[in-house]
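Notes to accompany the following structure.
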Amino acid sequence: MARPVSDRTPAPLLLGGPAGAPPGGGALLGLRSLLQGTSKPKEPASCLLKEKERKAALPAATVPGPGLETAGPAADAPVAAAVGGLTSRDTPSPVDPDTVEVLMTFEPDPADLALSSIPGHETFDPRRHRFSEEELKPQPIMKKARKIQVPEEQKDEKYWSRRYKNNEAAKRSRDARRLKENQISVRAAFLEKENALLRQEVVAVRQELSHYRAVLSRYQAQHGAL
């Protein structure tokens, strides 16, 4: 059964509006203010601009701490570059002087090489051959023994056999000594030419070093010590 019109009362307002405002308008204004109050207030544009400037002012080589978030390989690029710079300054491994070859043209006389080589063996190479200290020591001058005349009646078969063996041994000794002297001569000629070339390289390296030292001194005078 429907209620009479006189018993009907207007619905209460959600939030009171200003005096004289229509009932429906006050409800809309209260709902709008409620929704705006729950939303997060916007930051002013000046704060955002200052935050961008602060991030741009950070140095590129700064390693991010726990409070900074970085993503991607671009963040690790400064650290990798710094590590690469340190590894490039490591001390190089030592070089064996015997393995270093000087680029030069040395063509000895084929006759000298033949006299310096043992028949039936490889040709003497003055570039790679090394003499020991004992081989390069000066040999003392030996006085020849006084010859002893042997009577003809004592020159028997045993005498001639010993005489033959002695002559062969003396010939082998002279040939070996002459061979070593020839090898030393060819080797000395090669070393003399190599030494002259190395002296020229030393002069060029010293000039280059003095130039780099002058550049370094000028740099340190302007920017300080490294």
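Everything numeric in this text was worked out from a predicted model, so none of it was measured.
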Please check: side-chain N/O of [X] versus main-chain N/O of [Y], any donor-acceptor pairing under 3.5 Å?
{"X": "S116", "Y": "F124", "value": "no"}
{"X": "E135", "Y": "S132", "value": "yes"}
{"X": "D112", "Y": "P108", "value": "no"}
{"X": "S217", "Y": "A214", "value": "yes"}

Pair listing, side-chain hydrogen bond (donor to acceptor under 3.5 Å, both in side chains) test, anchored in residues 119-131, at least two apart: D125-R128

Which residue pairs satisfy the side-chain hydrogen bond (donor to acceptor under 3.5 Å, both in side chains) criterion with at least one member in residues 181-195, sequence neighbours excluded?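 Every pair satisfying side-chain hydrogen bond (donor to acceptor under 3.5 Å, both in side chains) with a residue in residues 181-195: there are none.
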
Apply side-chain contact (heavy atoms from CB on, under 4.5 Å) to V215 and list each qualifying residue two or more places apart in sequence or on a separate chain.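 Applying side-chain contact (heavy atoms from CB on, under 4.5 Å) to V215 gives H211, R218.
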
Rounded at 0.5 Å granularity, tell me how far CG in D109 sits from CG in L115.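 The CG atom of D109 sits 9.0 Å away from the CG atom of L115.
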
Worked check of salt bridge (Lys or Arg N to Asp or Glu O under 4.0 Å) between D175 and R178: CA-CA 5 Å; D175 293 341; R178 190 178 297 110; 3.3 Å; yes

Residues two or more places apart in sequence or in another chain: which of them pass salt bridge (Lys or Arg N to Asp or Glu O under 4.0 Å) with [X]?
{"X": "K165", "answer": "none"}
{"X": "E107", "answer": "none"}
{"X": "E133", "answer": "none"}

Determine whether L198 and E201 make a side-chain contact, defined as any pair of heavy atoms from C-beta on separated by less than 4.5 Å.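 Yes - at least one pair of side-chain heavy atoms lies under 4.5 Å apart.
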
Say whether L191 and V186 are linked into one hydrophobic cluster, either directly or through other cluster members, by side-chain heavy-atom distances under 4.5 angstrom. no

Just to verify, which of K155, R162, R163, E157 counts as forming a side-chain hydrogen bond (donor to acceptor under 3.5 Å, both in side chains) with Y159?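 When side-chain hydrogen bond (donor to acceptor under 3.5 Å, both in side chains) is applied between Y159 and each of K155, R162, R163, E157, only R163 qualifies.
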
Can you tell me how the ring of F106 sits relative to the ring of F190, calling it parallel under 30°, perpendicular over 60° and tilted otherwise?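 Perpendicular: the ring planes of F106 and F190 meet at over 60°.
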
CA sep, side-chain torsions, deciding dist, call: K171, E168, salt bridge (Lys or Arg N to Asp or Glu O under 4.0 Å): CA-CA 5 Å; K171 184 177 181 300; E168 291 295 326; over 6 Å; no

